[in-house]
Amino acid sequence: MNDPDDLRRQRVLATIDAIPRGRLATYGGVALEAGLPGRARYVARVLRELPANHTLPWHRVVGAGGHLRTSGPSATLQARLLRAEGIPVRAGRLDLANHVWPRAGE
DNA sequence: CGTCTGACGGTAA
DNA sequence: ATTACCGCCAGAC
C-alpha cells in the first residue's frame, strides 16, 4: 500500500486533520494545501467515501463562498457541529471570511 | 475505450 | 438570490 494514489489521498486527509477547531477550509483550499491545485472535486470525493469510523473534522470543509455543499442529514449534522465550535450557520451559509483557514502568517 | 456522474469553482444571464 | 453552463478529473459501468 504505497501507491501514488494512496499517498495523494493521505495528504488530503492530513490537511483536513490539520484544520484548527473553530476554523473553516474550502474544498479548493484543502486541495491546494495538499499539493493538488484545482482538485477540489477530488477532496469532495475523498470525504464522501470516508469510512463510518473516521475521526476527521470533515464538517470544517465547506464550499467556496461559505456554502455548505452537503445535503440531507449530513447538512444538519454539519451545521450542528460547526455551531458547537462557535461558527454561526444561517441557511446553510457561513461567515467564511472570518473563519477561513489557512491564512497568511499561519 | 467511451460516457456519465459529482460533499467543486467560477462565470454568465 | 437562483439557474444554467463550463472546466476539471477520479471512479463507476
Side-chain angles (χ1 to χ4, degrees):
Chain A
M1 301 271 264
N2 195 355
D3 301 289
D5 276 357
D6 289 334
L7 185 57
R8 187 178 62 187
R9 198 184 138 172
Q10 286 299 332
R11 272 199 298 250
V12 170
L13 296 176
T15 300
I16 295 172
D17 193 47
I19 303 172
R21 191 173 187 287
R23 305 289 292 285
L24 297 170
T26 61
Y27 292 89
V30 170
L32 195 62
E33 284 290 298
L36 301 168
R39 305 281 180 275
R41 275 188 118 137
Y42 175 68
V43 174
R45 184 183 257 325
V46 170
L47 284 177
R48 203 189 79 188
E49 298 181 348
L50 279 177
N53 46 57
H54 69 84
T55 61
L56 256 54
W58 63 275
H59 55 281
R60 295 176 191 151
V61 183
V62 303
H67 295 81
L68 294 186
R69 300 297 291 223
T70 50
S71 54
S74 298
T76 304
L77 175 60
Q78 181 170 27
R80 181 158 59 77
L81 291 171
L82 289 174
R83 279 192 277 255
E85 297 188 356
I87 301 175
V89 183
R90 329 183 308 185
R93 292 274 224 66
L94 311 131
D95 184 357
L96 184 57
N98 284 324
H99 298 282
V100 69
W101 180 92
R103 42 182 353 184
E106 293 187 64

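The sequence lines fix the lettering, A, B, ..., with proteins before strands; numbering per chain opens at 1.
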Assign A44(A) to base, sugar-phosphate, or nothing according to its heavy-atom contacts below 4.0 angstrom with the strands shown. base

In whole angstrom, give the distance that lies between atom CZ of R39(A) and atom P of dC9(C). 4 Å

How many whole angstroms separate atom CD of Q78(A) from atom C1' of dA7(B)? 8 Å

5'-most contact on DNA chain B: R45(A) or Y42(A), nearest heavy atom basis? R45(A)

With the side chain counted from C-beta on, respond yes when P88(A) and L94(A) share a heavy-atom pair under 4.5 Å apart, and no when they do not. no

Check the distance between dA7(B)'s C1' and I16(A)'s CD1 and give it to me in whole angstrom. 10 Å

Do the side-chain N or O atoms of R41(A) get closer than 4.0 angstrom to the phosphate oxygens (OP1, OP2) of dC9(C)? no

Roughly, in whole Å, what's the span from CG in L50(A) to P in dG11(C)? 14 Å

Find out whether R39(A) and L32(A) are in side-chain contact, i.e. whether some heavy atom of one side chain is under 4.5 Å from a heavy atom of the other. no

For dG9(B), give the paired nucleotide (Watson-Crick: N1-N3 plus N6-O4 or O6-N4; G-U: N1-O2 and O6-N3; both under 3.5 Å), or none. dC6(C)

Rounded to whole Å, please give me the gap between CG in L82(A) and P in dA7(B). 18 Å

Report the distance from atom NE2 of H54(A) to atom P of dA7(B), rounded to the nearest whole Å. 15 Å

For Y27(A) and dA10(C), what is the distance between atoms OH and C1' respectively, to the nearest whole Å? 16 Å

Sub-4.0 Å heavy-atom contacts from residues 62-74 of chain A onto DNA chain B, ordered by number: G63(A), A64(A), R69(A), T70(A)

Candidate pair E85(A) and R60(A), rule salt bridge (Lys or Arg N to Asp or Glu O under 4.0 Å), full reasoning: CA-CA 10 Å; E85(A) 297 188 356; R60(A) 295 176 191 151; 2.7 Å; yes

Using the side-chain contact (heavy atoms from CB on, under 4.5 Å) definition, which of the options T76(A), L82(A), L77(A) pairs with R80(A)? L77(A)

Closest non-hydrogen atom pair between V61(A) and T26(A), with its separation: CG1-C, 4.3 Å

Flag side-chain contact, heavy atom, 4.5 Å: I19(A) against L24(A): no

Which part of the nucleic acid, if any, lies within contact of R9(A), taking any heavy atom under 4.0 Å across all strands shown: a base, the sugar-phosphate backbone alone, or nothing? nothing

To the nearest angstrom, how far is E49(A) atom CD from dT5(B) atom P? 17 Å

Tell me which donor-acceptor pairs under 3.5 Å the side chains of residues 42-55 of chain A have, and how far apart each pair is, sequence neighbours excluded?
residue : atom : partner : partner atom : Å
R45(A)  : NH1  : E49(A)  : OE2          : 3.2
H54(A)  : ND1  : L56(A)  : N            : 3.3

